Asker: 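First, the structure itself, so that you have it in front of you.
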Protein chains: 2
Amino acid sequence: MEQITIKDVAKACGVGVSTVSRAINDHPNINEETKELVLKKIKELGYVPNNSARNLKRSEGKAIAVLVKGMTNPFFNVMIKIMEEDIISRGYTMVLQHVDPSEDEADVALELTKEKRLCGIIFLGGIVTRRGSKLGLLNVPYVVSTIGAPLKGVHEEDYSSVAVDDEREGEKATRYLLNKGYKRIAIFAGAKDDTSVGMLRLAGYRKALEEAGIPVDEDLIMYLPKDNEEYSYYTGYSSAKRLIEEGTVFDAVFAIADVMAVGACRAFLETGRKIPKDVAVMGFDGIDLTRFYLPSITTVAQPIKQMAIETSRLLFEVIDGKEHRHLVFDAEIVERETT
Amino acid sequence: MEQITIKDVAKACGVGVSTVSRAINDHPNINEETKELVLKKIKELGYVPNNSARNLKRSEGKAIAVLVKGMTNPFFNVMIKIMEEDIISRGYTMVLQHVDPSEDEADVALELTKEKRLCGIIFLGGIVTRRGSKLGLLNVPYVVSTIGAPLKGVHEEDYSSVAVDDEREGEKATRYLLNKGYKRIAIFAGAKDDTSVGMLRLAGYRKALEEAGIPVDEDLIMYLPKDNEEYSYYTGYSSAKRLIEEGTVFDAVFAIADVMAVGACRAFLETGRKIPKDVAVMGFDGIDLTRFYLPSITTVAQPIKQMAIETSRLLFEVIDGKEHRHLVFDAEIVERETT
DNA sequence: ATAATTATTGGTAACGTTTCCAATAATTTA
DNA sequence: TAAATTATTGGAAACGTTACCAATAATTAT
């Protein structure tokens, strides 16, 4: 199957290659009639521009890379799907790449831009490289989504972001539990030395307790172990198990990700605890499953779809020459059966 | 940030561009010493080959497209992640693209190959185009994963596949329920005129009943509505609701996807039914959630990871010039609390 | 009617690779 | 020692685009 090139089209139309090129690219300097003719012929011949050649010439690929840390989380799936739709509909390709929790996403991104000629990057989750990272070396626009704190070592005008105010939402969640009358609230946070959302939500937790005049019991804070930092059913489950084993008294759990909340529920119910009578459980994210799990799980629901839409929109804004922006969304506490 | 080209490297080394090219591509006709020198300089200068140029010349991009139908299903997520690892580790790019249930994936694929110069395609789920499809026009190797029946209108030697024997597994599942003593087994199948896994599993269901001498009650077969054919919590939930409303007597449900089983459980528990006392629930796929859901869900567990590994392996085999193959895996019934 | 502008056009040089081909240097064989 | 082979090399032509430039045709202004 031979490829049909712009030359074939030109020959078929009896015009020059540049005319065909102009027709394809909506160039102003072309007669409407010739353009129509060319476009018709193109359809007839089934011609599709060769992207490699185009990218080579334009020295810019029509591709957006999406780097995800923690792909297991269904939260990201929904986002990816929505962003993909937008990316494709604008004629771009989405290159998806996971990055291991132990990897530096700035390194991965840097490598990628060199070989791939991307015209934008979306970071989903993670960004452990916050402290003075190599992100500044990136010469393509990027937006970080679901990260939380502003990136250190990078100017605010040099990237876009969309997120909820994780600290405030963590505080809100904790206060909600406090208002419900829970006194010994455990929190399932992220990895200890991490800088991502988990730690921010934890900070909010501390703040809420402090404001309520309740001293923070460090035994109630369950960090994720170094060897498995991913938010998953499993880490939620084992955190709960660990909490039980350690014998710490608790009457509620705030898991900083829904998937962990699910795992926690399983552990509690398995060990004969009633939810929410013996222990309340609260999640964070607002994935579908919290609605369908039984008991349905109270959660801090992020406006996932909207955030996804804005994430890609923000990126394309910058590609189109506009300024970088930082969007902060409000999350909403959805009360369900676990509290 | 100017791009460093092969010319710069050549100049820096005092050699010709072709020598540099040879060094990069492990060409045999090059002196070991010069090669080392070049490689050292390359690292020094931070040179990375330009993919577009390379693809243009080789007229083959080092990219694998993964087309997924039904991205919401976590089953595919796990597969995607595993395949991606393999794809990246071999130096290829993974281009992920969802295809809407209403779209023809062969069309999408065809379009993609023309503009992207892919060197392989992986189809995940779907392939409604089974009847005499345009798949034959594809001039890149492809493998269909999780599809089930052999593709019609395409020679077996022209593509690879990995799957379980969906009909047999459906039969196995149904027989398992029958052996457990359930008599009125409802099945949540796919869309009625679909040709994908759902219908095969349904065929197995029919076969099992027939063999047991039980006439099939068509009222027990819940097809997915035309406007929402995706396997999801929601479609499982609403199928269950519909079944209840219709007043059909049933004592077990076989959902052809775990996510649907989860939704069904929710609906049954919500309406005061006990699982498995009033109704047994059985899923298919073997996603993590079935373990962590409460009650944990009996399922026909596919060897997801292995299937994912083999899927990309099969593709690269063909890329490396080997023959196409068809792999059939065995699924395993994992008995849990819902039966 | 002529000059000046404007609207279209085709030709061609890049873009950064790979790969064939011929050229040279190094080695082996006769 | 000359001839034949082999191991390395550099040069240059592609790959399919885009975009600049000059050329032509059509229009307007003088």
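Model, not experiment: these values are computed from the prediction. Values below: all heavy atoms of this structure, side chains included; hydrogens, waters and symmetry mates excluded.
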Asker: For A:N29 and D:dA19, what is the distance between atoms CG and C1' respectively, to the nearest whole Å?
Answerer: 11 Å
Asker: My understanding is that only residues two or more places apart in sequence, or in another chain, count here; which of them pass salt bridge (charged side-chain N to carboxylate O under 4.0 Å, His left out) with B:D86?
Answerer: B:R90
Asker: List in chain and number order the residues that pass side chain to side chain donor-acceptor pair (under 3.5 Å) with B:D158, two or more places apart in sequence or in another chain; answer none if no residue qualifies.
Answerer: none
Asker: Give the rounded distance in Å between these two atoms: CG of B:N50 and P of C:dA14.
Answerer: 18 Å
Asker: For B:T19, give me all partners under side chain to side chain donor-acceptor pair (under 3.5 Å), at least two apart in sequence or on another chain.
Answerer: none
Asker: Using the salt bridge (charged side-chain N to carboxylate O under 4.0 Å, His left out) rule, collect all pairs that involve residues 303-319 of chain A, keeping only residues at least two apart or in two chains.
Answerer: A:E310-A:R313, A:E317-A:R325
Asker: Do you know the tightest heavy-atom contact between A:E84 and B:Q97?
Answerer: OE2-CA, 3.2 Å
Asker: Kindly write out the residues that satisfy side-chain contact (heavy atoms from CB on, under 4.5 Å) with A:K7, not counting sequence neighbours, or none if the list is empty.
Answerer: A:T5, A:V17
Asker: Base of D:dA19, side chain of A:K57 - is there a donor-acceptor contact under 3.5 Å?
Answerer: no
Asker: Roughly, in whole Å, what's the span from CG in A:N25 to P in D:dT17?
Answerer: 10 Å
Asker: To the nearest 10°, let me know how far the axis at one end of the helix from C:dA1-D:dT30 to C:dA30-D:dT1 is tilted from the axis at the other, five pairs an end.
Answerer: 40°
Asker: Measure the distance from CG on B:N55 to C1' on C:dC15 and round it to the nearest whole Å.
Answerer: 14 Å
Asker: Which donor-acceptor pairs under 3.5 Å do side chains of residues 27-46 of chain A form with protein atoms, sequence neighbours excluded?
Answerer:
| from | atom 1 | to | atom 2 | distance (Å) |
| --- | --- | --- | --- | --- |
| A:N31 | OD1 | A:E33 | N | 2.7 |
| A:T34 | OG1 | A:N31 | O | 2.8 |
| A:K35 | NZ | A:D26 | OD1 | 3.0 |

Asker: Nearest whole Å is fine: how far is D:dG11 C1' from B:I6 CD1?
Answerer: 14 Å
Asker: With the threshold set at under 4.0 Å for non-hydrogen atoms, list the residues of residues 30-42 of chain B touching DNA chain C in residue-number order.
Answerer: none
Asker: Quick one: list whatever passes side-chain contact (heavy atoms from CB on, under 4.5 Å) with A:S160, sequence neighbours left out.
Answerer: A:V143, A:L314, A:V318, A:H324
Asker: According to salt bridge (charged side-chain N to carboxylate O under 4.0 Å, His left out), does anything in residues 11-20 of chain A pair up with another residue at least two apart or in another chain? List the pairs.
Answerer: none
Asker: For DNA chain D, what residues of residues 11-24 of chain B have any heavy atom nearer than 4.0 Å?
Answerer: B:G14, B:V15, B:G16, B:V17, B:S18, B:T19, B:R22
Asker: Just to verify, what does B:R22 make a side chain to side chain donor-acceptor pair (under 3.5 Å) with, not counting sequence neighbours?
Answerer: none
Asker: Rounded to the Å, how far apart are B:L56 CG and C:dT19 P?
Answerer: 12 Å
Asker: Please report the distance, rounded to the nearest Å, between NE2 in B:H27 and P in C:dT19.
Answerer: 8 Å
Asker: Against A:K69, only a single residue in A:E103, A:E230, A:E105 fulfils salt bridge (Lys or Arg N to Asp or Glu O under 4.0 Å); can you say which?
Answerer: A:E105
Asker: Tell me: CG of B:D26 to C1' of D:dT8, nearest whole Å?
Answerer: 17 Å
